[in-house]
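The structure appears below as structure tokens.
Note that this is a predicted model, so its numbers are computed, not measured.
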Amino acid sequence: METPTSGASGAVNLAAGLRLPTNGLDYAIMAIYFVVVLGIGFAARRSVKTSLDFFLSGRSLPAWITGLAFISANLAATEILGMAANSAQYGAYTVHWYWIGAIPAMVFLGLVMMPFYYGSKVRSVPEFLLLRFDKAAHLLSSILFAFAAILIAGVNLYALAIVVQALLGWPQWVAIVVAGFFVLAYITLGGLSSAIYNEVLQFFVILAALIPIVVLGLKKAGGWNGLTDTLTKSHGHDFVTAWGGTGIGEANPLGANWLTIVLGLGFVLSFGYWTTNFAEVQRALSAKNLSAAQRTPLIAAYPKIFIVFLVMIPGLVAAALVPKIGTPASGLQYNDAIPYLMQELLPNGVLGIAVTGLLAAFMAGMAANVSSFNTVFTNDIWARYVVKNREDAYYVRFGRLITALGVMASIGTAFLASSFSNIMAYLQTLFSFFNVPMFVVFIVGMFWKRASGKSGFWGLLAGTVTAMVNYFVLYKQGIISIPTDQGANFVSAIAGFVAGAVVMVAVSLFTKPKPTEELAGLVYGSRSPGMAEPPAAGDDAWYRKPALLGWGAVIIAAACYIPFSFSL
């Protein structure tokens, strides 16, 4: 899945007038893509012999493959449309979701948390909680994650159906069933390897779709200087800066000040998403050794730094070309930014690539959640609590079955998502409910040896309930005043984090800690044999050293803020 995004106001439904002038060439490009996707699934099937092969690619993949899959799994079309909508509505504030809302957390995952995940040889994020805490924490986290994965996969399917209906004229149910079938086919055939290799392909297809939109959009707007001059005149100078109007007590369209941006987005939401979301972590766990696992999110961090320009610039261009976008007077919503530019700027052929890129992005986001769902449900729920100690081949067969059931459930939740007026807000709210409480349990458990086995369950439960109460009761019922849904999600995330941490400390003080000998490799400062594995041959090159890669990404992201900290 993607970094929590801000949805534009209003429903995600695209304007009816955005039908694209596609022809046979465009459909031929899409058909070729779908054939290649299925071909990768059939090719990957030959490598699936054990459950480890099916669920974690046999832990055999090189870092550059898992790194590109890591970023592609995040680059779902809900992010592409949502971040372009963000930019059309809020302007340059969008950079926060990348440079402070992603890069630090991705580096922390690679340098600090992957040695615990990979070294402990767990197959999933919930399984780590079983080792560090107890069965109650493990089962609750498994159920919450499986539920969230299906909901988020359904969001991707529904958003795809909306886009395809608006751009190509297909009925929504046809788009949902067709996309669901292709994702089901290649994951069922080749397991995680098929999903990962398709995500690598999808990454390049997505870039091929976005780059022409950015280049032609800038040309249409008069270049970067012409674009910023136009936006400054129509929206004010803060619209093209990252921090303008974010002082405490100041008003801005985002509805958040610098403190809630740094704490709510930069720490709680981003760390909660990137470090505990198994749809992402699973890609790193499939790497061939610990060094490759650590480098997976670090390699992904570099394209993540610059992808913001590919999604932000189209939103800014749309705001410049249609000054009243997002209002009834324009006939366009913020969500229409990229489809509008596709219609206005792209010739046939390139148009087919762009539509294929959007389809690829939706499928990448859905596949990431479905493949992580089948792993958690099979290993952490079915094999652990329902049908135990069966032969390995049984769990491979069950994994394929539950993949099919997961896709069908996603189709159901896709229609459920249609009942929400703003699925972008719906998506980001899910992250504050499910990822942030899990993050606080992880962070307290990893850095405080005294945290007891029982504290994990109660901390996770308290964090989830508090975030939900803050959003649905305090915010939605008007008990507290928060300007926007985005600001409410920042506050919900902070409240869930604090509540989870406080409850964990309180429960730990009244219950017994786990014995020290059971915490090897699970608490910071302790090591397990897997964490101390020797580096593989050739892993001494500078570009294979996680620390250098991580700090390099942080420095580049920090440097990117400099020009956006002032009026452009």
Just by distance, do the side chain of [X] and the backbone of [Y] share a donor-acceptor pair under 3.5 Å?
| X | Y | answer |
| --- | --- | --- |
| Asn198 | Leu201 | no |
| Arg123 | Thr375 | no |
| Thr413 | Ser410 | yes |
| Arg283 | Ile196 | no |
| Ser452 | Pro513 | no |
| Lys514 | Ala451 | no |
| Lys449 | Met446 | no |
| Ser141 | His138 | yes |
| Trp458 | Val507 | no |
| Ser72 | Leu68 | no |

Flag side-chain contact, heavy atom, 4.5 Å: [X] against [Y]:
| X | Y | answer |
| --- | --- | --- |
| Leu144 | Phe433 | no |
| Val503 | Leu461 | no |
| Ile307 | Ile71 | yes |
| Cys560 | Val95 | no |
| Arg390 | Val387 | yes |
| Pro104 | Phe267 | no |
| Tyr117 | Phe442 | yes |
| Val112 | Gln294 | no |

Please report the shortest heavy-atom distance between [X] and [Y], naming the atom on each side.
| X | Y | answer |
| --- | --- | --- |
| Thr66 | Ala292 | OG1-O, 4.5 Å |
| Val205 | Ala360 | CG1-CB, 4.1 Å |
| Leu290 | Tyr118 | N-CE2, 3.5 Å |
| Arg295 | Pro546 | CG-CG, 4.2 Å |
| Ala354 | Ala209 | CA-CB, 3.5 Å |
| Gly399 | Asn374 | O-CB, 4.0 Å |

Seminar exercise, completed: The ring-ring contact (aromatic ring centres under 6.0 Å, His included) partners of Trp382 (sequence neighbours excluded) come to Phe398
Spacing of [atom1] belonging to [X] relative to [atom2] belonging to [Y], to within rounding of 0.5 Å:
| X | Y | atom1 | atom2 | value |
| --- | --- | --- | --- | --- |
| Ile338 | Leu210 | CD1 | CG | 5.5 Å |
| Met30 | Leu358 | CE | CG | 10.5 Å |
| Leu460 | Leu140 | CG | CG | 4.5 Å |

For this session: Kindly determine whether Ser194 and Arg45 satisfy side-chain contact (heavy atoms from CB on, under 4.5 Å), including the steps that lead there.
Result: CA-CA 8 Å; Ser194 179; Arg45 181 182 176 87; over 6 Å; no
For this session: Begin with the C-alpha distance, continue with both residues' side-chain angles, and end with the deciding distance and a verdict on side-chain contact (heavy atoms from CB on, under 4.5 Å) for Leu285 and Val281.
Result: CA-CA 6 Å; Leu285 289 178; Val281 174; 4.1 Å; yes
For this session: Determine whether the side chains of Asp392 and Thr50 contain a donor N or O and an acceptor N or O closer than 3.5 Å.
Result: no
For this session: Take Phe145 and Phe434 through the test ring-ring contact (aromatic ring centres under 6.0 Å, His included) and record every step on the way to the result.
Result: CA-CA 7 Å; Phe145 177 81; Phe434 297 114; 9.3 Å; no
Exercise. Taking the six-membered ring of Tyr394 as reference, does the NZ or CZ atom of Arg397 fall below 6.0 Å from its centre and within a 45° cone about the axis?
Worked result: no
[X] atom [atom1], over 12 foreign heavy atoms within 6.0 Å:
| X | atom1 | answer |
| --- | --- | --- |
| Phe42 | CZ | no |
| Tyr302 | OH | yes |
| Lys454 | NZ | no |

For this session: Under the side-chain contact (heavy atoms from CB on, under 4.5 Å) rule, what do Ile150 and Asn369 come out as? Steps first, then yes or no, please.
Result: CA-CA 7 Å; Ile150 292 300; Asn369 283 283; over 6 Å; no
Exercise. So Phe377 and Ile143, side-chain contact (heavy atoms from CB on, under 4.5 Å) or not? Walk me through it.
Worked result: CA-CA 8 Å; Phe377 195 94; Ile143 292 172; over 6 Å; no
Problem set entry | N-O pairing of Glu127 and Arg132 below 4.0 Å | no
Between [X] and [Y], is the ring centroid distance below 6.0 Å?
| X | Y | answer |
| --- | --- | --- |
| Phe54 | Tyr395 | no |
| Phe271 | Phe108 | yes |
| Trp274 | Phe439 | no |
| Phe278 | Phe373 | no |

Problem set entry | Ser124/Gln282 under side chain to side chain donor-acceptor pair (under 3.5 Å): CA gap, chis, key distance, verdict | CA-CA 7 Å; Ser124 69; Gln282 186 180 27; over 6 Å; no
